[in-house]
Each structure stands twice: as structure tokens, then as C-alpha cells.
Amino acid sequence: MTEVARAGSSRRTAEAARPGVPRWAVPASLALALVGLGLSAYLTVEHFTAPGSLACPVGGAVDCAQVTTSAQSKFFGIPVAVLGIVFFAAMLALCLPMLWQRRDRRLWQARLAVAGLGVLFVIYLIFAELFLIEAFCLWCTAVHLVAFGLFAVVVLASAMADPSPFDQR
Amino acid sequence: MAQTARSVARQRAERARQARERAARRARRIRTAWWVIAAGPAFVALLVLIRVAIPDEPVGDVASDRQLSSAVIAALRPEPSLLDSVGRGQGVTPPTAIADQPPLTADGKPLVLYVGAEYCPFCASQRWPLAIALSRFGSFTGLTASHSASDDVYPNTATISFHGSTYVSEYLAFQGVELATNKRQGRRYAPLDELTPEQEAVVNTYNAPPYTPYAGSIPFLDLGNRFLQTGASVSPELLVGLSHDEIAAEIVNNPSGPVAQAILGSANAFTAALCVLTDGQPGEVCDSPAAQAYQAEVGR
């Protein structure tokens, strides 16, 4: 076998080992993770600089201050905006192009699990806005939409991957 | 030869079968993925529908109408010597001076505009020193006992309500707006007073950036467009667990205690600012040590 033939064969083997990720998956997931990270960073700054220590928010149903200074703005003492930063940072890492290309089933499962956890937490936050705080924050809603979008991208890309890491025996 | 050809054909058929199976698995995965993706928004839509379907609870008597005890009435007009002795007090956030704004007036007098709500614990702590300071320039009638909401931070903070009260003064005008009660009405607290268009214009201008980092927080206080305060001058934490009479007793009998230090110190800060509005009138108030305690902050 010539050198060229050997090189071609090993390239084909490597390509076959890579999961076939849809082209849009990598840029879409990276962009959404970055946008989510930015929004969470903004909400974290708002959380810590709000003048709410000696003031009550007042307003209509759309009231960011009421949401970001509510009891539900913390989860086990940690501001949910900070949890948002952690979530989107983790997703950003898991959605790096080199990691999308790895055919490690556990890695793909971890990406799906983290994205799913994010969506479950978002559903809890929406529940809190609807039934406990009874006000909405447009910035928070933007974060929720990004988390849903990221979950959709990750789930769909994982399903469409061909060959799929989940087909491994 | 024929055997080899059959073997190759079998391998091809096997590969084709595997490819079909793989494609079928992929199609199933994609279908499942769409269902999983749709489940989240569908669940949220269900939550929204449930929330919309829940009717707002009717609310009965919404206004605070409890009479103030004689002890509270006395504490709202403490002896001038008591205010003098407390001076700056402790734990006080004085109002912030603003420059070059058109004077806020009503009936030809400098106007003090307070906007708050009965549910708000920070408004609860703010009313005590404000009422004490204003009582040095005039007199209130119709003040009632109230408390902050039981389901907010610093629950049931004992206070007075400006709703329905009247203030008469030779020197100042006062408008106290309580936007909501401390009683739940469905998703919000039952509404109480409404801002007039003039008051709304003041709030929209001065209870918003750049004068305050956040728009629309309460309590909001505009002292004649010369001084502003968004948020309380005194923390409601000091009043937790105290009844109206206990707060009154702390003010009158324990001037070195944290409650009197904060409430009377804050009242002195307001007094100093109000003296700027009244050009130092009346002299017995504005020349007192109490009013001079915050002279540096108000620039008299």
C-alpha cells in the first residue's frame, strides 16, 4: 500500500469515527451560549447593584426589579443570575467545535443533560414568575428563551448526528 | 469465483440493511427530539393558561383605618429637646440634594411629595421620621395605624398611613400617596391612592435615572425639587417585632436606643432639608441643634 493510500484510508477512518454534526449546530449553540452568558452577566450586575436594600419595587406585571429582588431571585442562597452564568459557561465549553467533533457518548450525554437541566430550571423560574412573584422581567424572559433555544439546538443536533455517537455499540 | 461473487453480494446487502436501519433510527431520534423540544414550551403554555384562568381574589376592606393611640400621637410630636439630644442619630440615610431644578410647589408653598404603599416595609420605616419632621412645621389629621404586608420582607412592620390624611402648615404643602394597601388582591396588593397627572410627572422625572439608579422604586420622596430620596432613610429591620406603642415608647423613652437614634436622627435630617425649603422658617425649629445636625448635607 502506498503512503498516499494509507493516508487516505486513515483519514476515512477518522471521518467515520467523527459524529456527523449538522453544520448549523456548532455556530448556533456557540452563539446562543454566548448571548445567554452576556444576559446572565447583565442580570448578575443588576442583582448586586440594585438599590433594593431599602426600597420596594413597584409597577405593572412587567417589573424587572420586582423579579430580580424577589425571594426567588436566589436558589439555596445563590443568585439565580449567577447560576445562569455557570450554566451558560458550562454550555459554552460543551459546545466548543472540538467537543462537538468528539464521538464520546458520555460527552454528548453530558451536553444533553446540562441543557435539559437548564430548561427544567427555566420552567421553575417561569412558574415562580407566574405564581409566586407575579411579575415578569423582560431580561429574564430573554434568558429563558435563549436556554430553550440552546436546548432545542443541542437536542436536534444530537438526534440528527450521522453517524451518531448514540449508535455506538 | 461464484462463491466470492455471492459473498460480495451478501456483504453489500448486509451493508444496505445496516444503512436502512441506521436511517430509520435517525428518523426516530429526530421525531423524538421534536417532541422533547416541544414539551418545554407546551408545559410553559399550560402554566400560563392555568395562571390566566385563576380569578383574582376579591378584597374586602382595603384601607387602614385603625386609630392611632395617644402614645403614637405623642411620639410623632416629640419634645424638641429630645430631637436636639439625638442630633444626627445613627443608621440614617439623609436625602440627596439636587441642583437647578424648578421648585416644586403647591398652594404657593414648597411641596413635599411622598409616594409609597402600605404593603412596602421600607415605606413603613420611612413614614415615622417623615411624619415627625413634618409635624414640626404643621399638623396632621387623619393619620391611621397601618403595617407592612405580612408576606414580604420585614413582615407587619408597624407604621402609620398617609392615606386619607390631611396636613396643614403655614410653611409647607404635603402630599402623601399610598399607591396600594397591605392586602393582597389576586396577583397584586389592592390599589389605594392614584397619582395625579402632576404627581406622575414628578415621579416620572425624578424617580428615574439619573436621579435614582432604578425607575419607580418606593418609597419616593421629593422635597420641593431640592432634595430627593428613593428608598428608606431608616431600615425597617430596626422595627421588626415591635408594635406601634413599643416603637412610640422607644422614640420617647429610649433616645440612645437604635430605634430612636435612627428615627429621630432621620427626622432631623428631613427637618434640615425642609428648613432649606422654608428659608429657615420657623426659626425655633430651623435654628435648633436638631435642624443644624445635618447642616453640612443640606447646604444651609
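These numbers come from the heavy atoms of this one structure, side chains and all, not from hydrogens, waters or symmetry mates. By convention in this document, chain letters (A, B, ...) are assigned in the order of the sequence lines, proteins followed by strands, and residues within each chain are numbered from 1. Since the model is a prediction, treat every value here as computed from it, not as a measurement.
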Heavy-atom count around [X] [atom1] within 6.0 Å, excluding the residue itself: above 12?
| X | atom1 | value |
| --- | --- | --- |
| Q199(B) | CD | yes |
| F43(B) | CZ | no |
| Q109(A) | CD | yes |
| R17(B) | CZ | yes |
| E194(B) | CD | no |

R22(B) (side chain) donor-acceptor with D162(A) (main chain) under 3.5 angstrom: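 It does not hold such a pair.
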V115(B), part contacting chain A, at a heavy-atom distance under 4.5 Å: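 No part of it gets close to chain A.
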Please report the closest heavy-atom contact between [X] and [Y], naming both atoms and the distance.
| X | Y | value |
| --- | --- | --- |
| R26(B) | M160(A) | NE-O, 2.8 Å |
| G40(B) | I123(A) | CA-CD1, 4.2 Å |
| A152(A) | I37(B) | O-CD1, 3.4 Å |

Side chain / backbone / both / neither for F148(A) at chain B, heavy atoms under 4.5 Å: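 Side chain only.
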Test log, rule side chain to side chain contact (heavy atoms under 4.5 Å, CB included), inputs L156(A) and W34(B): CA-CA 7 Å; L156(A) 206 55; W34(B) 281 117; 3.5 Å; yes
